[in-house]
Amino acid sequence: MKKIVITLILLSVNLIVKAQDASVEKSIFGIQAGLFSIYTQYETKLSNSFSLRSELGLEPGVTISRDSADGRLFLSPVINLEPRWYYNLNKRQKKSKRIDNNSGNFVSLKTSFHPDWFTISSNSEKPIDFISDIVIIPTWGIRRNIGKKFNYEVGAGIAYVKRLEEFDSKYIDDNFFTLDFHLRIGYTF
């Protein structure tokens, strides 16, 4: 009789655990790197399928000289704030796929601020005149795990760029749209 009761209790606990909704992690801290960029990130749970991701990083830019055909690659700081909706966690869990560390498909509204604090470039003799901007990017993406600590992320969207200072150029407007694509490899602490 004891064995039957214990078996029924274990089966009930198992059913209750499986009946619970899948959920994003309470919090995740890590780093991610793209081809020329690097970020520290913190993602915190807002609800079972929503999280808020904040990032501090360095992103690339290119200068084009008015006097010559010289262009320079540089890095500048960026602050990102990104609410995310992981819309397929329950489906992934039902198929016994991993959802740890927020492994799933997501839709987000990423907001980036590129301040004019400093730039890192190969030529320190010629300072770069950087113009601050705010970028808003509705994004669709996926995040997947590689082992326990590593992950990769792919995302795409259409970015709206708003320059925060006057920009005198016949080639680039103060406000414009552009395509945004990212591929990153990361490590979760």
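Everything numeric here is computed off the predicted structure, so don't read it as measured data.
Side chains of E43 and S27 form no contact here, defined as non-hydrogen atoms less than 4.5 Å apart. A 4.5 Å side-chain heavy-atom check between S51 and K45 finds every atom pair outside the cut-off. I134 places a side-chain heavy atom less than 4.5 Å from the side chain of T111.
In summary, the side chains of S132 and D116 do not present any donor paired with an acceptor at a separation below 3.5 Å, with no hydrogens or angles considered. Between R144 and N101, the side chains place no donor N or O within less than 3.5 Å of an acceptor N or O (distance only, hydrogens not considered).
In this structure P115 satisfies the side-chain contact (heavy atoms from CB on, under 4.5 Å) test together with P77, F113, W117, sequence neighbours excluded. Looking at residues two or more places apart in sequence or on another chain, you find no side-chain contact (heavy atoms from CB on, under 4.5 Å) involving K94. When the side chain to side chain donor-acceptor pair (under 3.5 Å) test is applied to E82, the partners found at least two apart in sequence or on another chain are R84, S108.
One hydrophobic cluster holds both I38 and L75 under the rule that ILVMFWY side chains link at heavy-atom gaps under 4.5 Å. Criterion: ILVMFWY side-chain heavy atoms under 4.5 Å apart, direct or through other members. Under it, V154 and W140 are part of a common hydrophobic cluster. Note on I137: it clusters hydrophobically with F176, by side-chain heavy-atom contacts below 4.5 Å among ILVMFWY residues. Side-chain heavy atoms closer than 4.5 Å link hydrophobic residues (I, L, V, M, F, W, Y) into clusters, and following such links, possibly through other members, connects V107 to I142.
Taking all atoms of both residues into account, the shortest heavy-atom contact from I99 to A22 is CD1-CB, 3.6 Å. The two residues F106 and Y87 come nearest to each other via the heavy atoms N-CE2, 3.8 Å. The minimum heavy-atom distance linking S47 with V24 is given by the pair O-CG2, 3.4 Å. Across every non-hydrogen atom of G61 and L73, the tightest pair is O-CD1, 3.2 Å. When all heavy atoms are compared, the tightest approach of F29 to Q41 is CD1-O, 3.2 Å. D21 and Q93 make their closest contact through C-OE1, 4.2 Å (heavy atoms, listed as atom of the first residue, atom of the second, distance).
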Using residues 178-189 as the side-chain source, report each donor-acceptor pair under 3.5 Å to any protein atom, sequence neighbours left out, with the distance given to one decimal.
from, atom 1, to, atom 2, distance (Å)
H182, NE2, E153, OE2, 3.3
R184, NH1, Q32, OE1, 3.1
R184, NH1, E55, OE2, 2.6
T188, OG1, N151, ND2, 3.2

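Note that CD1 of I31 and CG of L56 are 13.0 Å apart. Values are rounded to the nearest 0.5 Å. Note: S49 OG to W85 CH2 = 7.0 Å, rounded to the nearest 0.5 Å. Put simply, CG on D100 and CG on N145 are 4.5 Å apart, with the number rounded to the nearest 0.5 Å. Rounding to the nearest 0.5 Å places OG of S54 at 6.5 Å from CG of L81. Distance OH/Y160 to CD1/I136: 7.5 Å, rounded to 0.5 Å.
For the pairing with H114, the side-chain contact (heavy atoms from CB on, under 4.5 Å) check across L164, I79, D133 returns one residue only, D133.
For residues 26-38, there are no salt bridge (charged side-chain N to carboxylate O under 4.0 Å, His left out) pairs, not counting sequence neighbours.
A donor-acceptor pair under 3.5 Å is formed between the side chain of N88 and the backbone N or O of N105.
Atom CD1 of I158 has 12 or fewer neighbouring heavy atoms from other residues, nucleotides or ligands inside a 6.0 Å radius.
Here Y39 is tied into one hydrophobic group with V78, each link being a pair of ILVMFWY side chains closer than 4.5 Å.
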